[in-house]
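Taking it in order: structure first as structure tokens, then the write-up.
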Amino acid sequence: MTYVPVGHDATDYAPPAETQEPELYHPKTFIGKYIWSQDAKVIAIQYSITAIGIGVVALVLSWLMRLQLGFPNTFSFIDPSAYLQMVSMHGMIMVIYLLTALFLGGFGNYLIPLMVGARDMVFPYVNMLSYWIYLFAVLLLLASFFVPGGPTGAGWTLYPPQAILTGTPGAGWGIILMLVSLAFFIVGFTMGGLNYVVTVLQARTRGMTLLRLPLTIWGIFVATILALLAFPALFVSAIMMTLDLTLGTSFFMPGIISQGKQLDYGGGSPVLFQHLFWFFGHPEVYIVALPAFGIVSDLISVNARKNIFGYRMMVWAILAIGGLSFIVWAHHMYVSGMNPYFGFFFATTTLIIAIPTALKVYNWVLTLWRGNIRLNVPMLFAIGFIFTFIHGGLTGIFLGNVAVDLALSDTMFVVAHFHMVMAIAPVLVVMGAIYHWYPKMTGRMLDDTLGKIHFWITFLGSYAIYLPMHYLGFLGVPRRYYAMGDTYFVPESAQSLNAAITIAALVVGVAQIIFFYNLVRSYFKGEPSGGNPWEATTLEWQTPETPPTHGNFGKDLPVVYRWAYDYSVPGAEKDFIPQNEPPSPGAGGAAGSHA
Amino acid sequence: MAHDAATAPGTLEPGKGLQGFVADWSSDQRAFKKVPWGKAMMWIFLLSDTFVFASFLVSYMTVRMSTTVPWPNVSKVFSLTVAGQEVPLLLIAIMTFILISSSGTMAMAVKFGYQKDRRKTALLILATAAFGATFVGMQAFEWTKLIMEGVRPWGNPFGAAQFGSSFFMITGFHGFHVSVGVVFLLIMAAKVWRGKLDTEAPGFLTGRRGNYEMVEVMGLYWHFVDLVWVFIFAFFYLW
């Protein structure tokens with residue numbers, strides 16, 4: 001090999017620019033700057049506010065569900081149909097409209113151009129359309145609360161035949177709005193996703209090699225690729241189910257007798273839907289998890305004042321998890337009646353995915369080891385993530401095995417597992433990330449004390465909710481049940497446990513008000529943060545203005561001379577060296593010219 | 001740990017084959033060297049779209065297997081009666097020929113585009129659009145014929161109901177792609193004809209400056225739509 005690829009070696013040299021910078025469209029009106037904005041940072045904030053707004057709706061739905069489970073026969077407005085509708089909308093909103101949109105549309109838009117050293121996304125106009133289509137999808141979804149029959153109650157997985165048969169809540173308007181909204185979400189997401197991928201691949205600044213990218217970008221980048229390849233399956237199944245419902249085709253509908261009547265359907269394959277759904281659904285787990293992995297790596301490295309342990313392995317692990325996530329989908333379908341040999345294959349691949357995942361966990365812990373740890377709020381959330389993620393990951397190994405899963409399938413154990421691993425864990429990262437980057441977005445720090453109160457209630461409260469839920473699962477308490485009724489094998493004590501869980505859930509939910517209060521108050525009254533409050537190395541902290549203006553980097557783009565993790569370098573003056581600082585003083589600089 | 005210039009990233013001429021690949025991906029700024037943003041974006045979009053069509057085709061195959069009613073005899077259903085003779089797949093053969101020909105004119109348009117031959121490029125793009133429109137027109141004829149014969153998305157007189165469902169859905173989705181392509185080809189032809197690409201005029205909506213690479217990006221989409229048709233043709237009409 002004549003070529004030396006650079007990972008963490010710093011160089012004084014950065015190749016000349018390959019292209020000229022594109023012209024940016026600078027709007028002059030308020031509407032152009034903040035409403036129909038093409039600036040990725042504004043789009044990011046639009047995405048985040050919309051996603052968090054709809055997420056609060058889903059949070060309230062979860063309170064109502066918990067109230068019913070904890071105190072059955074107390075709330076007359078929650079009937080069985082309403083309960084199922086809450087389950088379905090809570091799941092779909094949280095997974096897709098909150099987490100996917102927030103990680104990729106929110107953090108992706110804000111961080112990608114800043115962290116790779118670009119002025120903006122490659123196609124700002126398309127990026128703007130992405131947000132407006134997303135907003136339209138959200139409005140369609142919200143509309144389903146107000147149509148006759150209400151939103152769909154088919155469960156977030158929307159399995160046919162029941163999703164579209166009379167008798168299921170929202171089987172008319174509700175399910176159609178859900179499917180159409182999903183289709184629009186996917187179209188909008190694709191527009192944004194193409195931008196994120198091409199910006200990372202083709203619009204990096206001078207010296208920014210792929211192996212000098214912060215892991216945040218790696219996580220978002222690979223997650224976006226997963227999304228671009230996985231969402232098509234959901235898109236197609238949404239179209240086919242809409243046709244089954246409106247035109248009477250039978251893609252997913254077998255010959256069926258419903259409410260004593262032979263329906264006109266026949267010959268379709270319900271399992272086909274499950275395959276398509278989970279071909280999307282499993283990568284979706286990693287679409288949410290990979291950005292969280294990336295962000296948490298950066299939070300830990302910054303606040304342990306140490307380079308991330310095993311950077312390259314972290315990158316390869318992200319890629320391996322991304323690749324494997326496409327061949328594990330049927331572990332969601334062990335009880336679907338598919339060929340049992342499939343179970344063998346999918347259990348094997350599922351367990352293999354634990355290897356790169358465990359590698360990442362070890363690397364996070366080893367990054368902490370003997371670090372000069374700053375236990376600030378983002379760091380607390382990052383460490384909290386490691387706990388909940390290990391916890392949820394281990395129960396995932398239980399459920400990945402066919403024999404164990406058959407017993408635990410459709411019990412509260414499954415609910416506890418996936419809430420631990422893909423609800424609490426990523427949400428902790430989202431919160432840590434907001435505490436971390438809020439100073440860059442607003443120029444002000446969030447309040448530390450309020451942040452710590454928020455963290456401890458959220459973290460301990462999550463355990464209070466989900467640890468007992470595992471136990472309920474072992475007892476055989478089924479999920480998605482409005483009420484347990486006279487189930488002989490479930491002891492009465494399960495009910496008091498359910499009540500305790502509900503109280504914990506309400507407390508955690510209400511505690512988020514502290515967070516929102518903190519966000520609003522600090523925007524006006526927070527301590528000014530300066531440009532780089534965490535003393536971090538990555539490019540977004542080196543911008544000339546805070547918050548960065550349109551174009552991000554002032555007159556000259558930064559030039560990158562080193563990787564993103566030069567913390568506590570022996571012999572260096574400070575305990576961090578920004579990526580755009582050359583090893584020898586006076587070298588590099590802004591001397592780059594267009595080739 | 002300073003490196004001398006010889007080992008600095010990107011200073012060496014990229015090697016060929018695997019070495020060049022590694023060199024490009026280890027370098028800064030761009031992973032695909034000399035590939036403009038629009039082109040990279042189109043390739044990735046097409047990859048995503050491939051998954052859409054693959055999902056459609058796999059679903060079609062699955063329902064074809066899951067249905068208990070025999071599948072219609074496609075060479076009979078897709079036949080035209082010419083001079084008293086029943087010719088199987090006649091219409092579809094002509095449609096396929098037209099669409100593949102349009103790929104030829106598109107490729108030539110790209111070539112003349114890079115030679116900055118404004119007139120020829122515009123005319124060839126127009127020809128491509130005309131081929132595409134003809135294809136969609138013949139598809140409309142085919143749909144009309146089948147609908148007259150009683151084929152519906154929910155059933156048909158020839159056999160399994162899934163035949164009509166998959167047929168209208170998949171050819172409809174492909175026809176939609178072709179129609180969108182025709183619209184964009186017409187816009188592009190107008191742009192080229194008016195010299196907007198030579199003067200690098202900013203686009204109406206996006207404000208991006210025009211250049212002849214846009215013709216190639218358009219061409220990528222068009223060839224993809226053709227390629228997808230080949231698969232639909234093989235799996236739907238020949239099987």
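Every heavy atom of this structure was used, including side-chain atoms; hydrogens, water molecules and symmetry mates were not. Letters A, B, ... are given to chains in the order of the sequence lines, protein chains preceding strands, and every chain is numbered from 1.
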| task | Indicate yes or no: at least one non-hydrogen side-chain atom of A:Phe251 is less than 4.5 angstrom from one of B:Ser166. | result | yes
| task | Look up atom CZ in B:Phe45 and atom CG in A:Leu228, then write down how far apart they are to the nearest 0.5 Å. | result | 10.0 Å
| Do A:Leu276 and B:Ser59 come within less than 4.5 Å of each other through their side chains, counting heavy atoms only? | yes
| request: Using a 4.5 Å cut-off on heavy atoms from C-beta on, say whether the side chain of B:Met42 contacts that of A:Leu194. | output: no
| task | Mark yes or no: B:Arg208 above the aromatic ring of A:Phe123, with NZ or CZ under 6.0 Å from the six-membered ring centre and no more than 45 degrees from the axis. | result | yes
| message | I need the A:Thr19 OG1 to B:Trp37 CH2 distance, nearest 0.5 Å. | response | 6.5 Å
| task | State the CZ-CZ distance between A:Phe235 and B:Phe173, to the nearest 0.5 angstrom. | result | 4.5 Å
| query | Which distance, rounded to the nearest 0.5 Å, do you find between the CZ of A:Arg206 and the CG of B:Asp28? | reply | 8.5 Å
| field | Any donor-acceptor N/O pair, B:Gln29 side chain to A:Glu18 backbone, under 3.5 Å | value | yes
| What is the distance from atom OG1 of A:Thr249 to atom CD of B:Gln162, rounded to the nearest 0.5 Å? | 8.5 Å
| Is any side-chain heavy atom of B:Ser165 closer than 4.5 Å to a side-chain heavy atom of A:Ser250? | no
| Do the non-hydrogen side-chain atoms of A:His275 and B:Val58 ever get within less than 4.5 Å of each other? | no
| message | Distance check, rounded to the nearest 0.5 Å: A:Phe252 atom CZ versus B:Thr62 atom OG1? | response | 9.5 Å
